[in-house]
Amino acid sequence: MALTLAQLRAAVAQQVATVTGFTESRIPPDYFGRNENTVAHKRFAIQMSISNALAERQRRAVGVMMESIVRVKFAYRLRPKDAYPTDYDLAMDSEEDVINAVIASYAAIQPPVEIRYTRTVRDITDSTEYMLFDVEFNAYHTIPNT
């Protein structure tokens with residue numbers, strides 16, 4: 001069965017929201033994390049950054065087979081006196097929880113979607129108040145023919 005890009009984004013967001021304390025941000029994902037006013041503890045945004053056609057044959061009856069890069073951006077607040085190593089380690093534990101929530105249950109999203117973890121980029125804001133995560137996945141899926 002095919003999913004629109006919006007349905008795929010919403011399904012990944014739903015999986016991330018199952019991680020304890022995580023809530024979806026109302027800030028557009030391209031703007032999330034640009035300054036500290038756009039983040040809050042365990043808030044996340046899902047960015048569908050790039051989609052490419054797969055080399056497989058495209059079939060009109062099935063839809064367009066593609067690979068999309070799905071990025072989960074989230075913030076973890078670092079307490080002033082515990083920034084390193086306590087909260088730093090807890091933040092990375094949250095990263096693992098997000099990865100597991102997305103890849104361990106992609107079948108719950110809708111077959112035949114397949115999601116694979118690619119990489120994480122971590123950064124700390126200049127004030128050291130937040131650690132920002134950009135967790136990247138490759139989603140192999142089909143969009144419907146309309």
Side-chain angles (χ1 to χ4, degrees), residues 1-56 62-144 146:
M1 182 169 197
L3 289 175
T4 67
L5 291 170
Q7 288 171 327
L8 177 60
R9 189 216 59 80
V12 171
Q14 185 176 14
Q15 293 302 115
V16 175
T18 66
V19 178
T20 303
F22 275 69
T23 56
E24 190 167 8
S25 174
R26 298 296 170 220
I27 300 293
D30 294 336
Y31 194 66
F32 186 88
R34 285 194 188 175
N35 63 54
E36 291 188 34
N37 294 335
T38 65
V39 297
H41 183 61
K42 292 189 176 182
R43 283 283 168 89
F44 70 91
I46 307 297
Q47 180 185 41
M48 302 289 292
S49 59
I50 299 171
S51 293
N52 296 302
L54 288 176
E56 299 175 28
V62 175
V64 179
M65 296 175 203
M66 62 175 44
E67 170 188 23
S68 294
I69 296 176
V70 180
R71 300 166 86 185
V72 178
K73 298 179 174 192
F74 74 92
Y76 192 97
R77 186 169 185 277
L78 302 174
R79 294 173 290 181
K81 297 186 182 201
D82 290 326
Y84 190 82
T86 305
D87 281 356
Y88 190 85
D89 290 342
L90 290 171
M92 288 190 294
D93 289 346
S94 288
E95 173 192 346
E96 291 176 22
D97 293 341
V98 167
I99 293 168
N100 286 325
V102 174
I103 66 169
S105 54
Y106 67 77
I109 291 174
Q110 192 167 7
V113 175
E114 184 176 335
I115 298 178
R116 296 181 186 165
Y117 169 75
T118 306
R119 68 182 181 151
T120 301
V121 177
R122 300 171 199 90
D123 197 13
I124 295 180
T125 59
D126 289 340
S127 69
T128 70
E129 185 177 358
Y130 289 99
M131 189 166 181
L132 302 175
F133 291 82
D134 190 340
V135 186
E136 188 174 291
F137 300 89
N138 287 351
Y140 301 92
H141 61 102
T142 303
I143 60 171
T146 53

Could you tell me the separation between the CD1 atom of Ile143 and the OG atom of Ser68, rounded to the nearest 0.5 Å?
8.0 Å

Is there a side chain to side chain contact (heavy atoms under 4.5 Å, CB included) between Leu132 and Ile124 once you walk through the steps?
CA-CA 6 Å; Leu132 302 175; Ile124 295 180; over 6 Å; no

Show the numbers, then the answer: is there a side chain to side chain contact (heavy atoms under 4.5 Å, CB included) between His141 and Met66?
CA-CA 6 Å; His141 61 102; Met66 62 175 44; 3.4 Å; yes

What are the two closest non-hydrogen atoms of Gly21 and Lys42, and how far apart are they?
O-CB, 3.4 Å

Please check if the number of heavy atoms outside Gln47 that lie under 6.0 Å from its CD is greater than 12.
yes

I need the Ile103 CD1 to Asn138 CG distance, nearest 0.5 Å.
12.0 Å

Reported CD-to-CZ distance for the pair Glu136 and Arg116, which is rounded to 0.5 angstrom
14.5 Å

If you draw a 6.0 Å radius around CG in Asp126, do more than 12 non-hydrogen atoms from other residues or ligands fall strictly inside?
no

Between Ala2 and Gln7, the two heavy atoms sitting closest are O-OE1, 4.4 Å

Evaluate Arg9 against Val70 for side chain to side chain contact (heavy atoms under 4.5 Å, CB included), listing each step before the verdict.
CA-CA 8 Å; Arg9 189 216 59 80; Val70 180; over 6 Å; no

Mind listing the closest non-hydrogen atom pair of Ala91 and Met131 along with its distance?
CB-SD, 3.7 Å

Got a sec, which residues hit salt bridge (charged side-chain N to carboxylate O under 4.0 Å, His left out) with Glu67, two or more places apart in sequence or on another chain?
none

Separation of Ile99 CD1 from Thr120 OG1 (nearest 0.5 Å):
4.0 Å

Does the side chain of Thr4 come within less than 4.5 Å of Pro144's, by heavy atoms?
yes

Smallest heavy-atom separation, Thr38 atom then Gly33 atom, equals OG1-N, 2.8 Å

About how many Å separate CZ of Phe32 and CG of Asp134, when rounded to the nearest 0.5 Å?
10.0 Å

Could you measure the distance from the OH atom of Tyr140 to the CE atom of Met65? Nearest 0.5 Å is fine.
14.5 Å

Restricting to non-hydrogen atoms, name the atom on Val72 and the atom on Val98 that form the minimum distance, rounded to 0.1 Å.
CG1-CG1, 3.9 Å

Give the intermediate values and the outcome of side chain to side chain contact (heavy atoms under 4.5 Å, CB included) for residues Thr125 and Val39.
CA-CA 11 Å; Thr125 59; Val39 297; 5.6 Å; no

Is there a donor-acceptor pair closer than 3.5 Å between any side-chain N or O of Ser25 and the backbone N or O of Ala45?
no

Do Phe22 and Thr18 come close enough that some side-chain heavy atom pair is under 4.5 Å?
no

Under the ring-ring contact (aromatic ring centres under 6.0 Å, His included) test, residues paired with Phe133 that sit two or more places apart:
Phe74

Check Asp87 against Arg77 and note the closest heavy-atom contact, atom names and distance.
OD2-O, 3.9 Å

